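None of the values given here were measured: they were computed from a predicted structure. Letters A, B, ... are given to chains in the order of the sequence lines, protein chains preceding strands, and every chain is numbered from 1.
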Amino acid sequence: MSTTVEVARYVPADHEPIWQATWSSAKCFEAGDPTTDPRPKYYVLEMFPYPSGRIHMGHVRNYTMGDVIARFKMAQGFHVLHPMGWDAFGMPAENAAMEKKSHPGTWTYENIAVMRKQLQSMGLAIDWSREFATCDPDYYQHEQAMFLDFLDAGLIDRRDSKVNWDPVDQTVLANEQVIDGKGWRSGAAVEQRTLTQWFFKITRFADDLLAGLETLERWPEKVRLMQANWIGRSEGLQFRFHVCQETAPVSHIEVYTTRPDTLYGASFCAISPDHPLAVALARDNPDIEAFRKKCAQRGTSASEIEAADKEGLDTGLEVLHPLDPDWRLPVYIANFVLMEYGTGAIFACPAHDQRDLDFARKYDLPVTPVVCPSDRPEEGFTIDTEAYTGDGVMVNSQTLNGLTPDAARAAIIDMFEKNKWGERKVNFRLRDWGISRQRYWGCPIPVIHCGDCGVVPVPRQDLPVRLPDDVSFDRPGNPLERHPSWKHVSCPKCGQDATRETDTFDTFVDSSWYFARFTSPNDPRPTNPDHAKAWLPVDQYIGGIEHAILHLLYARFFTRAMAEVGHVEVKEPFAGLFTQGMVNHETYKSPDGKWLAPEEVVVAGDGAAHLRDDPSVTVRVGGVEKMSKSKRNVIDPTHIIARYGADTARWFMLSDSPPERDVQWTEAGVEGAWRFVQRIWRLVDKIARETRIADHNPQQDGLAGALYKATHTALYNVTHDLEGLSFNRAVARIYELANSLSDAKPQTPEEHAVARASCETLVTLIGPMMPHLAESCWKLLGHDEILAQTAWPQADESVLKSDHIVLPIQINGKKRHEINVPSDADKDSIEAMVIADPRVQALIGGGAIAKIIVVPGRIVNVVVKS
RNA sequence: GCCCUUGUGGCGGAAUUGGUAGACGCGACGGAUUCAAAAUCCGUUUCCUUCACCGGAGUGCCAGUUCGAGUCUGGCCAAGGGCACCA
């Protein structure tokens with residue numbers, strides 16, 4: 001036993017700021033010119049934060065993961081770009097300005113200063129020289145320039161549109177921003193309004209955005225699926241019904257269907273309350289007008305739609321069935337037909353569509369099945385209250401009878417196209433992206449409205465259109481609208497008095513291209529195309545699943561648009577996407593039902609909890625939920641870093657839970673990470689004092705060989721785990737190596753040399769995850785160079801396999817015994833050894849061996865006939 | 001309603017993708033050290049039976065494929081998520 005030496009505890013506050021300063025002054029993390037750097041590039045990016053005031057644990061998790069990747073890739077010899085910025089426009093700044101009677105910009109930049117400091121205390125390997133905020137005019141001027149580019153390229157549209165109006169935030173929302181009929185930010189019930197709006201023509205790329213998903217192999221399947229569903233491509237037939245009544249306002253009605261095969265089951269035709277025909281009919285028919293009004297008032301929330309009955313009104317008009325001149329179908333106005341999708345009119349086949357069936361039953365319209373399930377007799381197949389939507393055989397359909405619905409569909413479409421009655425049509429659920437927001441704290445839309453010239457783009461030399469600073473927030477609404485002078489300008493074309501557009505961009509526009517700006521943050525153009533080409537796409541993007549549709553779809557669109565006008569060359573911005581889970585915490589309630597903060601509660605090992613100030617009061621431990629202010633289960637990262645240091649917080653975030661899953665923040669878990677930090681410090685200190693660097697022979701028996709093997713196994717495994725973003729597994733492998741190393745009691749010089757080398761590897765492996773501790777250990781081991789600039793070691797794979805292995809022996813599929821064999825033994829010799837083994841003989845007793853399955857290196861299974 | 005994901009010890013989770021289920025961590029229990037504590041170190045920890053060995057059961061439930069299933073197939077059950085008048 002070596003004599004006990006008092007090792008000073010590792011005090012993070014004594015180490016972490018020093019290393020942060022060292023990395024900063026050595027410019028360790030500043031990316032250079034990618035067009036001249038010979039190393040392969042690697043761009044790692046975490047979704048940039050909204051400067052809300054303070055960082056939260058979700059940020060810690062997100063940025064720790066990205067940081068591990070950045071440091072790991074740097075060590076592996078990549079030229080790494082790992083930047084940080086601020087998604088700085090948005091409503092909270094305006095709300096804060098109203099409350100505090102200050103300016104949104106002041107609030108925002110103050111928050112940025114606080115949060116930058118917090119992030120820097122985490123020891124992130126970020127190139128801070130590229131930092132920007134989207135509210136910097138230097139940034140948003142390029143956004144305005146690109147808007148003009150897109151306008152020239154025909155990628156932008158301005159039109160009247162029914163929009164989602166958020167009455168609390170007093171602004172329009174895009175479809176993607178309405179969740180369950182409520183504003184994504186305010187939670188207020190969204191109203192319908194008609195406004196003139198700017199649109200990005202995202203639908204122009206609908207097919208390409210869908211097809212592109214196939215190429216995103218390093219995206220979660222789930223996100224790709226969600227985007228595919230959101231884009232909602234459907235193939236069908238668009239055709240015209242002739243209206244029988246000559247006095248009708250229109251001669252025919254255009255409909256879209258994905259089920260042309262069910263045409264012989266048609267029962268009625270239905271148009272949207274907003275359909276031009278309905279509008280025309282309403283002029284002389286008060287009943288129709290009343291019905292239209294009623295439909296317009298109906299709510300749009302999910303629950304209201306759920307509760308709303310299928311309702312309709314017979315127009316009295318009839319249309320001719322296209323395949324039978326004697327067959328007439330009534331035309332209804334129906335509340336479930338949307339003007340925004342397809343043609344705003346449908347034909348209904350109630351037998352095979354539940355919604356049509358509900359309607360038909362209510363208004364007593366015919367229900368004729370035309371698809372019969374293959375396993376049921378055609379006679380007597382009727383529809384009751386449930387529509388049949390499955391496959392089968394066509395019936396009641398004249399020439400189509402006997403075909404499958406697929407074949408019938410093809411036949412009908414062919415026939416209609418041949419006769420020019422209609423054509424094949426692809427429809428999308430995706431709508432154009434409405435980007436106008438009636439808010440101050442956003443990027444001004446660079447156009448001017450002139451009474452004579454109409455909409456005039458702001459000339460490029462006049463960019464940026466800056467937000468005025470002298471604005472007031474004492475009233476609701478848009479301060480730009482009521483600013484005394486800002487909007488009054490002369491028309492760039494004719495010089496007359498004109499007004500500026502007072503709407504600003506949706507803040508999702510800002511985040512749709514920031515990753516491209518990071519590649520050349522100071523270029524006078526939106527991007528330096530050479531640098532954008534060299535760095536893009538982002539190799540690894542990391543963020544929350546909540547952006548699966550919104551931000552990630554917009555960014556994919558924007559990249560395509562930028563490519564079209566020449567700012568980038570890629571179509572897909574993010575080659576790899578990783579969606580990390582949330583950080584959760586237990587919730588606590590006092591006996592009188594009030595939420596309690598974790599620091600007010602003491603939880604015992606058995607789960608019982610009581611108040612910290614009054615142990616006689618029992619606390620109710622509730623569910624493990626996302627950290628939120630309302631439930632008071634928030635842990636402030638600053639407190640954790642102050643008490644345990646950044647490395648402990650980082651290590652805990654990476655341990656145990658797989659990164660894509662939610663992680664539960666626990667005091668015990670943090671304590672565990674803290675103990676490991678101290679343990680590593682003691683272990684490295686001991687080895688640094690007892691051993692020294694020396695050559696050693698890897699091929700040997702005993703302790704030295706075993707430790708060498710454990711070291712290189714760990715190195716091999718951790719390397720692969722980090723490559724696959726399996727941080728929790730990498731952590732486990734590092735624990736194993738630390739255990740092997742502290743269990744080892746090296747005696748001989750050879751053993752000392754192996755222990756020393758093993759310790760160096762251990763420190764290197766810890767480097768990306770606990771960078772400060774690793775640097776201090778590295779120094780303790782006698783190194784003067786910075787570990788962050790040291791190359792990742794190469795695993796000696798020759799020792800990963802030993803010359804003898806223990807094979808389990810199963811008898812009839814159950815493990816019964818083991819056998820030690822040379823690892824290169826072939827099937828026959830293993831089989832012979834197994835049969836000859838006395839224990840195996842005893843186990844099979846008198847039974848005869850029917851078969852022996854030998855999987856070399858894995859297992860032996862002896863099948864015995866009983 | 002439709003689509004997707006996930007179900008493994010007291011807990012978080014491993015399992016080289018069809019080959020020894022429970023690595024690693026947390027918690028718990030026992031012990032050492034200490035006047036005592038903190039810290040640290042050593043041990044035990046899926047369940048049942050047993051002093052112990054030997055056994056038996058076991059990856060949400062029920063079937064199936066296979067020499068062999070946590071892993072593949074089918075059907076249930078449960079939890080979570082997404083979409084939702086999209087013709």
Side-chain angles (χ1 to χ4, degrees), chain A residues 4 7 9 179-181 220-223 225-230 232-234 236-237 255-259 262 270 272 298 300 302 305-306 308 310 334-338 340-349 353-356 358-359 386 389 427-431 545-546 548-549 604-607 624 651-652 655-658 660-664 666-673 675-676 678-679 682 717 720 726 728-739 742 806-818 850-855 857-864:
Chain A
T4 315
V7 182
R9 267 158 78 92
I179 291 146
D180 275 350
E221 188 60 41
K222 185 183 174 163
V223 175
L225 197 77
M226 279 165 69
Q227 290 212 358
N229 288 339
W230 186 265
R233 185 181 197 276
S234 73
L237 174 70
V255 299
Y256 173 73
T257 179
T258 54
R259 294 294 305 273
T262 64
S272 163
R298 143 191 81 115
T300 49
I305 288 170
E306 190 79 22
K310 307 280 169 280
N335 64 349
F336 62 85
V337 181
L338 304 173
E340 297 85 41
Y341 187 79
T343 61
I346 60 163
F347 90 81
C349 174
D353 182 293
Q354 191 59 46
R355 199 192 39 201
D356 294 349
D358 294 345
F359 192 88
E386 209 156 301
T389 53
N427 262 316
F428 294 93
R429 219 188 74 109
L430 183 72
R431 309 286 152 72
I545 185 80
E546 66 274 17
I549 295 172
D606 61 359
V624 176
W651 185 253
F652 174 74
S655 308
D656 294 350
S657 287
E660 69 277 8
R661 240 182 268 183
D662 288 356
V663 64
Q664 185 189 348
T666 62
E667 187 72 11
V670 183
E671 290 286 347
R675 278 201 297 274
F676 186 64
Q678 299 301 334
R679 199 182 140 204
R682 286 193 305 272
N717 286 332
H720 281 84
S726 298
N728 57 321
R729 292 198 291 194
V731 164
R733 301 286 88 87
I734 289 173
Y735 270 112
E736 279 174 347
L737 178 58
N739 291 345
S742 45
V806 175
L807 278 190
I809 297 176
Q810 294 183 332
I811 303 215
N812 288 338
K814 301 221 165 186
K815 190 199 160 198
R816 284 290 184 263
H817 189 45
E818 295 175 338
K851 204 198 274 190
I852 295 186
I853 287 113
V854 177
V855 186
R858 287 259 184 265
I859 204 160
V860 179
N861 191 8
V862 182
V863 185
V864 179

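- Using a 4.5 Å heavy-atom cutoff, the side chains of Phe359(A) and Val337(A) are not in contact.
- When atom types are taken as modelled, the side chain of Asn427(A) and the backbone of Ser234(A) share no donor-acceptor pair closer than 3.5 angstrom.
- Of the residues near RNA chain B, Asn739(A) and Gln664(A), the one whose nearest nucleotide (by heavy atom distance) lies more toward the 5' end is Gln664(A).
- If you take atom P in A57(B) and the same atom in A21(B), they sit 13 Å apart, rounded to whole Å.
- In this structure, the CD atom of Gln678(A) is 11 Å from the P atom of C41(B), given to the nearest Å.
- Atoms CH2 (Trp230(A)) and P (C4(B)) sit 19 Å apart, rounded to a whole Å.
- Comparing U40(B), C24(B), U20(B) by their closest approach to the side chain of Arg682(A) singles out U40(B).
- Nearest heavy-atom pair, Met226(A) versus Ile549(A), reported as atom, atom and distance to 0.1 Å: O-CD1, 4.1 Å.
- Between Tyr341(A) and Tyr256(A), the ring planes lie perpendicular to each other; the angle is over 60°, past the 30° to 60° tilted range.
- Across the C1' atoms, G22(B) and U33(B) are found 32 Å apart, a figure rounded to whole Å.
- Summarising the geometry, the separation between CZ on Arg816(A) and P on U20(B) is reported as 16 Å, rounded to the nearest angstrom.
- Taking only side-chain atoms of Gln810(A), from C-beta outward, the nucleotide of A84(B), C86(B), G68(B) with the closest atom is G68(B).
- When every heavy atom of Phe652(A) is checked against every heavy atom of Gln664(A), the shortest pair comes out as CZ-O, 3.6 Å.
- Within the 4.5 Å cutoff, the side chain of Ile346(A) has heavy atoms near those of the Asp356(A) side chain.
- One can place CG of Leu225(A) at 11 Å from P of C3(B), the figure rounded to the nearest angstrom.
- Distance Gln354(A) CD to C2(B) C1': 12 Å, rounded to the nearest Å.
- Side-chain contact between Asp358(A) and Phe336(A): absent, with no pair of heavy atoms (C-beta onward) separated by less than 4.5 Å.
- Comparing C67(B), C86(B), U20(B) by their nearest atom to the side chain of Ile859(A) picks out U20(B).
- At the heavy-atom level, Val855(A) lies under 4.0 Å from base atoms of the strands shown.
- Separation of the P atoms belonging to G58(B) and G9(B) is 14 Å when rounded to the nearest angstrom.
- Counting to the nearest Å, the C1' atom of C85(B) and the CD atom of Glu340(A) are 11 Å from each other.
- Rounded to an integer number of Å, the gap from CZ of Arg858(A) to C1' of G19(B) is 7 Å.
- The nucleotide G1(B) finds its pairing partner in C83(B), both defining distances of the Watson-Crick or G-U wobble pair being shorter than 3.5 Å.
- Anti is the classification of U66(B), since its glycosidic angle lies more than 90° from 0.
- Nucleotide U73(B) has A63(B) as its partner under the Watson-Crick or G-U criteria, with both atom distances under 3.5 Å.
- Regarding contacts with the backbone of G68(B), every side-chain N or O of Lys851(A) stays at 4.0 angstrom or more from both OP1 and OP2.
- In the set G68(B), G25(B), G81(B), G81(B) carries the atom at the smallest distance from any side-chain atom of Lys222(A).
- When distances are taken from the side chain of Val337(A) to each of C41(B), A87(B), C24(B), the shortest belongs to A87(B).
- A distance of about 41 Å separates the C1' atoms of A38(B) and U49(B), rounded to the whole Å.
- Taking the C1' atom of each, A78(B) and G60(B) are spaced 7 Å apart, rounded to whole Å.
- Side-chain atoms of Arg675(A) and base atoms of C26(B) include no donor and acceptor less than 3.5 Å apart.
- Residue Arg355(A) has a polar side-chain atom (N or O) positioned under 4.0 Å from OP1 or OP2 of C86(B).
- Each of Ser657(A) and Asn229(A) has a nearest nucleotide on RNA chain B; the 5'-most of these lies closest to Asn229(A).
- Under the 90° criterion around 0 for the glycosidic angle, G74(B) counts as anti.
- Between Ser234(A) and A87(B) there is a side-chain N or O to OP1 or OP2 distance below 4.0 Å.
- Nearest heavy-atom pair, Pro808(A) versus Arg858(A), reported as atom, atom and distance to 0.1 Å: CD-O, 3.2 Å.
- Taking atom P on both nucleotides, U16(B) is separated from G70(B) by 13 Å, rounded to a whole Å.
- Ranking A23(B), C86(B), G13(B) by closeness to the Ala732(A) side chain, first place goes to A23(B).
- With a 3.5 Å ceiling on both atom-pair distances, the Watson-Crick or G-U wobble partner of G43(B) is C29(B).
- Of the candidate nucleotides U20(B), A14(B), C24(B), C24(B) has the atom lying nearest to any side-chain atom of Tyr735(A).
- Across all strands shown, U20(B) remains unpaired; no Watson-Crick or G-U wobble contact has both distances below 3.5 Å.
- For the pair Thr343(A) and Val255(A), the tightest heavy-atom approach, listed with the atom from each and the gap, is OG1-CA, 3.3 Å.
- Residue Asn728(A) places at least one side-chain N or O closer than 4.0 Å to OP1 or OP2 of A14(B).
- Closest to the Leu338(A) side chain, of the nucleotides C67(B), G27(B), C86(B), is C86(B).
- In this structure, Tyr341(A) reaches the A87(B) phosphate: one of its side-chain N or O atoms is under 4.0 Å from OP1 or OP2.
- In this structure, of A23(B), U20(B), G12(B), it is A23(B) that holds the atom nearest to the side chain of Arg733(A).
- Pair assignment for U6(B) gives A78(B), based on Watson-Crick or G-U wobble hydrogen-bonding distances that are each under 3.5 Å.
- In this structure, of A87(B), C86(B), G19(B), it is A87(B) that holds the atom nearest to the side chain of Thr258(A).
- Pairing partner, A38(B): none, since no Watson-Crick or wobble contact has both distances short of 3.5 Å.
- Taking atom C1' on both nucleotides, C67(B) is separated from G12(B) by 35 Å, rounded to a whole Å.
- The CG atom of Asp656(A) sits 19 Å away from the P atom of G22(B) (whole-angstrom rounding).
- If you take atom P in U6(B) and the same atom in U73(B), they sit 12 Å apart, rounded to whole Å.
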